[in-house]
A.B. asks: 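Following this message is one structure expressed as structure tokens.
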Amino acid sequence: MKKTASAVWQGDLKSGKGTISTQSGALAQQPYGFNTRFGDQPGTNPEELLGAAHAGCFSMALSNILGEAGLKADRIDTSAEVTLDKSDDGFTITAVHLTVVASIPGADAKAFEEAAGKAKAGCPVSKVLNARITMDASLQS
């Protein structure tokens, strides 16, 4: 399986602008630029998109692991906070912190924590990241 996304950039770093699109059309020429990445201008940025991908990937992986244990989540709510730090050679994504709150009938805290740990380590986005991945996971009753 292969999926594609594309970006078009025009201009220099600070005053230039670009658009990001995805094969599915979920993003179609979504604007991004210096101020959407480092400021508060409306639009997206690579770190935000990576966070969304990681949260979605983790949630699906957790659902799969729970299913293998005979459990089905009513809801898995995951957010990903992506940290971009300045380094000697530019900028580096150094960390991702996942926060997950799940409602899973019949699950106990130990089974949930074990499944969440496996999902954090095993989801394909986690595997591709060269960043510290941490997580807060809580089971809602």
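Along the sequence shown, the residues carry numbers beginning at 1. All heavy atoms count here, side chains included; hydrogens, waters and symmetry mates do not.
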A.B. asks: Atom CG in Asn45, atom CZ in Phe34: separation rounded to 0.5 Å?
C.D. replies: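 Asn45 CG to Phe34 CZ: 12.0 Å, rounded to 0.5 Å.
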A.B. asks: Let me confirm one number: the CD1-NE2 distance from Ile133 to His97, rounded to the nearest 0.5 Å.
C.D. replies: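 One gets 12.0 Å once the value is rounded to the nearest 0.5 Å.
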A.B. asks: To the nearest 0.5 Å, what is the distance between CG (Asp77) and OG (Ser138)?
C.D. replies: 9.5 Å
A.B. asks: Could you walk me through whether Thr44 and Leu27 pass the side chain to side chain contact (heavy atoms under 4.5 Å, CB included) check?
C.D. replies: CA-CA 10 Å; Thr44 192; Leu27 295 176; 5.6 Å; no
A.B. asks: At what distance, to the nearest 0.5 angstrom, does CD1 of Ile93 lie from OG of Ser87?
C.D. replies: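 One finds 11.0 Å between CD1 of Ile93 and OG of Ser87.
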A.B. asks: Quick check: closest heavy atoms across Ala107 and Leu71, and the distance to 0.1 Å?
C.D. replies: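 Of all heavy-atom pairs spanning Ala107 and Leu71, the closest is CB-CD1, 3.9 Å.
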A.B. asks: For the residue pair Gly43 and Gln30, what are the closest heavy atoms and their distance?
C.D. replies: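 Closest heavy-atom pair between Gly43 and Gln30: CA-NE2, 4.0 Å.
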A.B. asks: Restricting to non-hydrogen atoms, name the atom on Phe112 and the atom on Ile104 that form the minimum distance, rounded to 0.1 Å.
C.D. replies: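 Heavy atoms of Phe112 and Ile104 come nearest at CD1-CD1, 3.5 Å.
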A.B. asks: Roughly how far, to the nearest 0.5 Å, is the CE atom of Met135 from the CD atom of Glu113?
C.D. replies: 8.5 Å
A.B. asks: Which pair of non-hydrogen atoms, one from Ala137 and one from Ala116, has the smallest distance, and what is that distance?
C.D. replies: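 Minimum heavy-atom separation between Ala137 and Ala116: CB-CB, 4.1 Å.
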A.B. asks: Is any NZ, NE, NH1 or NH2 atom of the basic residue among Lys110 and Glu114 found under 4.0 Å from an Asp or Glu carboxylate oxygen of the other?
C.D. replies: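 No, no charged N to carboxylate O under 4.0 Å.
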A.B. asks: Ser15 and Asp12: which non-hydrogen atoms are nearest, and at how many Å?
C.D. replies: OG-OD1, 2.6 Å
A.B. asks: Please test Leu129 against Leu50 for side chain to side chain contact (heavy atoms under 4.5 Å, CB included), starting from the C-alpha separation and ending with a verdict.
C.D. replies: CA-CA 10 Å; Leu129 294 175; Leu50 181 64; 3.7 Å; yes
A.B. asks: Do other residues, nucleotides or ligands put more than 12 heavy atoms under 6.0 Å from the CD atom of Glu68?
C.D. replies: yes
A.B. asks: Between Pro105 and Lys72, is any pair of side-chain heavy atoms under 4.5 Å apart?
C.D. replies: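 The answer is no, as the side chains (C-beta and beyond) never meet within the 4.5 Å cut-off.
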A.B. asks: For Tyr32 and Val8, work out which heavy atoms get closest and say how close.
C.D. replies: CE2-O, 4.2 Å
A.B. asks: Measuring from Phe58:CZ to Thr99:OG1, what's the distance to the nearest 0.5 Å?
C.D. replies: 10.0 Å
A.B. asks: I want to check something: taking the side chain as every heavy atom from C-beta on, are Val96 and Val125 in contact at a cut-off of under 4.5 Å?
C.D. replies: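 Counting from C-beta outward, Val96 and Val125 never come under 4.5 Å.
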A.B. asks: Examine distances only and state if a side-chain atom of Ser59 and a backbone atom of Ala55 form a donor-acceptor pair shorter than 3.5 Å.
C.D. replies: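 Yes; at least one donor-acceptor contact below 3.5 Å.
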A.B. asks: Looking at side-chain heavy atoms only, is the closest gap between Met60 and Ile76 below 4.5 Å?
C.D. replies: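 The answer is no; the side chains never approach within 4.5 Å.
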A.B. asks: Taking Thr83 for the side chain and Thr94 for the main chain, is one N or O donor matched with an acceptor at less than 3.5 Å?
C.D. replies: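 Answer holds: no.
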A.B. asks: Looking at side-chain heavy atoms only, is the closest gap between Phe38 and Leu84 below 4.5 Å?
C.D. replies: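 Of all side-chain heavy-atom pairs linking Leu84 with Phe38, at least one is under 4.5 Å.
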A.B. asks: Any heavy-atom pair between the side chains of Leu98 and Val100 that's under 4.5 Å?
C.D. replies: no
A.B. asks: Are there over 12 heavy-atom neighbours, none belonging to Gln23, within less than 6.0 Å of that residue's CD?
C.D. replies: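 Above 12, so yes.
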A.B. asks: Does CG belonging to Asp85 count more than 12 external heavy atoms closer than 6.0 Å?
C.D. replies: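 Above 12, so yes.
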